[in-house]
Structure formats: C-alpha cells, structure tokens
There are 2 protein chains.
Amino acid sequence: MPQLPNVRQEQILAWLRHEQQITIEVLVERLAVSAMTIHRDLDSLAQAGHIEKVRGGAVLSNRGMPGETAHQCVLCAMRVPLRTTFIINTTAGQQIHACCPHCGLMLLEQHTDTDTVLARDFLYGRMVNAGDAFFLVDSEVAVCCTPSVLCFGTEQDAQRFRQGFGGVVLDYHAARTHLSQRHRSVLGNN
Amino acid sequence: MPQLPNVRQEQILAWLRHEQQITIEVLVERLAVSAMTIHRDLDSLAQAGHIEKVRGGAVLSNRGMPGETAHQCVLCAMRVPLRTTFIINTTAGQQIHACCPHCGLMLLEQHTDTDTVLARDFLYGRMVNAGDAFFLVDSEVAVCCTPSVLCFGTEQDAQRFRQGFGGVVLDYHAARTHLSQRHRSVLGNN
DNA sequence: ACAATATATAACAAAATATCACAAAAAGAG
DNA sequence: CTCTTTTTGTGATATTTTGTTATATATTGT
C-alpha cells in the first residue's frame with residue numbers, strides 16, 4: 001500500500017501525538033519503507049518544528065518559550081502558558097492539560113471521570129482547586145482564548161478585578177454551564 | 001522495549017520529581033542499562049541544570065521551579081519569578097535581573113550605565129520597555145516584595161487594576177523617585 | 001591514620017545509529 | 001511515449017552511544 005510522503009508524515013505526527021515517542025525501527029515496520037526514508041521524513045518534520053529528532057527516533061517538539069509548559073492544550077492544541085494552566089486529573093490517573101480555564105471548563109464536559117481539577121490563580125500564580133475558585137468571564141483582559149476566562153482563588157479578588165476590567169464573576173458550576181450553553185447557542189444546535 | 005536516550009533522561013527526571021532523590025543502583029535496575037550510562041545521563045541532566053549529582057545518585061536541582069527563571073534577584077537574592085521579571089541591560093552588555101519591579105527600580109539607583117530596562121506586563125505577560133510602562137504601587141496584590149509594585153504596559157490597564165485593588169499609579173520616573181524616597185525615609189538617613 | 005569498601009572517572013572497543021553519494025524507481029509534464 | 005523531476009533504496013562511511021575494564025577518588029569503620 002503506497003503512501004504519499006505528506007500523508008506518511010502526517011501519519012507519523014498523529015502516532016507521535018498519541019504515543020509521545022516513536023522509534024525509527026517501529027516506523028520502518030509500520031510504514032514498510034526503508035530507514036533512510038524515515039530519516040528524511042523526520043528531518044522535514046523537524047525542520048518544520050513539529051518534532052524533535054532524537055537518536056533512534058523522534059519525540060514531539062517541546063521547546064517551549066519561557067513561560068510555557070511542555071504541554072499542549074488538549075482542546076485547542078495551543079502550548080499551555082504557565083500562568084493560565086488548567087489541569088484535569090482523571091480517576092484513571094490521567095492528566096489532561098488545558099491552556100486556560102476557557103478550554104479547561106469546556107473539556108470538563110467531555111470527561112465524566114474527573115478526580116481533581118486544578119487551575120492557576122491569575123493574580124498570585126498558585127494552583128487552586130477549581131471547584132472552590134471563581135471565574136471572571138468576558139473581562140477585557142484576553143490572555144489566551146476567547147471568551148476570556150480568568151481564575152481567582154477568592155470571590156473578592158475576582159470582584160475587584162471585575163471593577164477595573166468588566167465581565168461577570170461566576171463560581172465553578174455557573175462558569176461551566178455558562179460556557180457550554182454559550183458555545184452551544186452560538187452553533188445553533190438546539 | 002527499547003527506550004530512546006532522551007526519553008530515558010526524561011524518565012529519570014519524572015521519577016525524581018516524584019521521589020525527590022534516586023540512586024544509581026535503582027536506575028540501573030529500572031532502566032536495564034549499565035551504571036556508566038546512568039552516570040552519563042545524570043551528567044548531562046546536571047549540565048542542563050535540571051538535577052544535582054550527589055554521590056551514589058541524584059537529587060532535583062532546587063533551581064528552576066516551574067514559573068521561576070534560573071536567575072536570582074541581585075537585590076534580594078530571591079529566585080526571579082517568570083511573571084514579574086525585571087531586566088536591566090547595561091551599556092557594558094551586562095544583564096541585571098530583579099525579581100520584580102520593586103527590586104528592579106531600586107536597583108536602577110545603583111547603576112548609571114543603563115542601556116535598556118525591561119519589565120513584564122503583569123496582565124499579559126509580555127516584556128515591555130520599563131520607561132514607557134506604568135507602575136501600580138501599594139496595591140493589595142502582593143506577589144513578590146513589598147511595597148508591592150506591579151507593571152502595566154498602558155496607563156489605562158494600571159488605572160483599571162487600581163479600581164479593584166487600590167494603590168497609586170506612577171510612570172517610570174515617578175515610581176523610581178517614589179520608591180527611593182520611601183526607602184530612605186523609612187531608614188531615617190534623610 | 002589506615003585499610004577496606006564503595007563510588008566515580010577515563011580509556012578503549014563493540015554495537016547501534018546517522019549521514020552521504022549514487023543509482024533505481026516512481027511520478028508528472030509536455 | 002519521452003524527458004524531467006522527485007522520491008526511494010542500497011551500500012559505504014562517519015558519528016554517537018554503550019559496556020567493560022582499569023584506575024582514581026571518596027567514604028566508612030577501626
């Protein structure tokens with residue numbers, strides 16, 4: 001089964017996103033091409049900045065700017081900024097990273113087995129329990145995705161921030177329902 | 001199951017983050033490679049500043065928590081948080097790092113050969129020219145040293161933030177004189 | 001302080017992997 | 001179909017990584 005070079009490289013990327021790392025040996029077998037061809041594929045993927053070649057295989061490129069984590073947002077594929085990190089821990093022990101509370105709260109709709117949910121306090125940079133936190137939606141401070149959602153450890157902080165930058169302060173559950181309703185209503189499906 | 005060399009080092013780091021310390025003996029067993037290879041892995045991890053080699057194993061390097069840079073504040077010796085970085089470039093090409101605008105502005109008093117001065121916008125995380133920036137002094141948001149000094153790229157942002165969290169908005173020069181006067185007056189050496 | 005033990009480093013050889021150059025094959029263009 | 005361009009595979013050669021042995025250095029107990 002012949003495969004176009006671009007398609008093959010996309011395939012490699014797809015595998016890589018699932019498996020974190022992949023060896024040339026494995027790729028030779030799966031794609032039924034020579035090691036040299038794999039080398040060339042990996043070279044161009046690395047050139048484009050998608051991956052990093054390491055001896056024996058490749059890993060997803062994780063050269064983050066300072067201020068960014070090594071993780072990609074599962075929802076929007078953006079590299080996760082340190083200051084808006086949002087982490088969902090599942091009961092299965094899996095960690096799901098989102099770039100900001102906007103994506104994080106949306107992601108929660110897709111996961112029923114959440115164990116703990118953490119978000120980073122926008123003012124103080126500490127991780128806080130998202131369930132106890134307050135979220136300022138639609139303020140004029142857009143640091144990541146829109147609609148802007150910022151996380152605060154206390155309602156007071158959120159309210160004070162709102163005085164200057166507008167928006168509406170919601171607790172965890174209110175923020176979740178607000179966001180999912182909003183996304184749905186825009187798309188118009190029911 | 002073969003392990004890519006770089007992945008192996010990542011694995012070591014991951015274990016280290018959970019276990020604080022790890023012995024070479026254990027690593028030899030877990031990774032099924034020779035002690036020499038472990039030594040070499042630890043050497044390069046130490047070179048990169050991620051760990052510290054100790055006799056018989058390694059511990060996590062205390063430098064480089066997520067959210068902190070590798071630098072120490074020249075004034076207060078605190079490790080520099082990423083989100084409040086303040087950098088003074090001298091005409092001699094030297095870089096002086098401060099943990100926050102508070103220390104940075106104070107440091108400026110000691111250096112007459114400043115070339116450029118950069119500070120990080122507290123809202124958006126971008127580095128801005130400190131000379132064009134506005135500083136909110138004495139707000140109730142204390143993320144680093146006190147008196148609290150936060151940097152904003154625009155006067156409007158600073159004012160809006162002030163509405164919620166108090167303090168006084170000053171431009172570059174006003175902030176410098178304000179801070180140095182204040183420190184002097186407290187110490188009483190006229 | 002000394003020997004006994006453990007750990008670290010250095011040097012070398014073997015194995016694994018990467019790169020290069022060129023020829024064969026495939027794909028497109030006219 | 002013929003010519004050109006691109007992609008692929010092969011074998012030779014370079015480079016990197018690894019393990020082993022020997023040697024040096026540090027730690028421990030007496």
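Only heavy atoms go into these numbers, but all of them, side chains included; no hydrogens, no water, no symmetry mates. The sequence lines fix the lettering, A, B, ..., with proteins before strands; numbering per chain opens at 1.
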Problem set entry | Among D/dT17, C/dT9, D/dT8, the one nearest A/Arg55 by side-chain distance | D/dT17
For this session: Look at the aromatic rings of B/Phe135 and B/Tyr172 and report parallel, tilted or perpendicular, splitting at 30° and 60°.
Result: tilted
Exercise. Nearest-Å distance, NE2 (B/His39) to C1' (D/dA26)?
Worked result: 13 Å
Problem set entry | Rounded distance (Å) that lies between atom C1' of D/dT17 and atom CG of B/Asp41 | 10 Å
Exercise. Is the shortest side-chain N/O distance from B/Thr37 to OP1 or OP2 of D/dG19 below 4.0 Å?
Worked result: yes
Seminar exercise, completed: Whole-Å distance, B/Met36 CE to C/dA15 P, equals 19 Å
For this session: Could you please name the option among C/dA8, C/dT9, D/dG9 that lies closest to any side-chain atom of B/Lys53?
Result: C/dT9
For this session: First locate atom CD1 of B/Ile51, then atom CD of B/Gln21, and finally report the distance between them rounded to the nearest 0.5 Å.
Result: 12.5 Å
Problem set entry | Protein-nucleotide distance (B/Glu52, atom CD; C/dA8, atom P), rounded to Å | 15 Å
Exercise. Charged N to carboxylate O under 4.0 angstrom, B/Asp138 versus B/Arg162?
Worked result: no
Problem set entry | Sugar-phosphate, base or nothing in reach of B/Val28, heavy atoms under 4.0 Å | nothing
For this session: In whole angstrom, give the distance that lies between atom CG of A/Leu31 and atom C1' of D/dG9.
Result: 15 Å
Exercise. Just how far, in rounded Å, is C1' of C/dA6 from CD1 of B/Ile38?
Worked result: 18 Å
For this session: With the side chain counted from C-beta on, respond yes when B/Ser34 and B/Val28 share a heavy-atom pair under 4.5 Å apart, and no when they do not.
Result: no
Problem set entry | Distance, rounded to the nearest Å, where B/Leu42 contributes CG and D/dT18 contributes P | 13 Å
Problem set entry | A/Arg40, nearest nucleotide to its side chain (from C/dT9, D/dT18, C/dA21) | C/dA21
Seminar exercise, completed: In whole angstroms, the gap separating P of D/dT16 from CD of B/Gln9 amounts to 15 Å
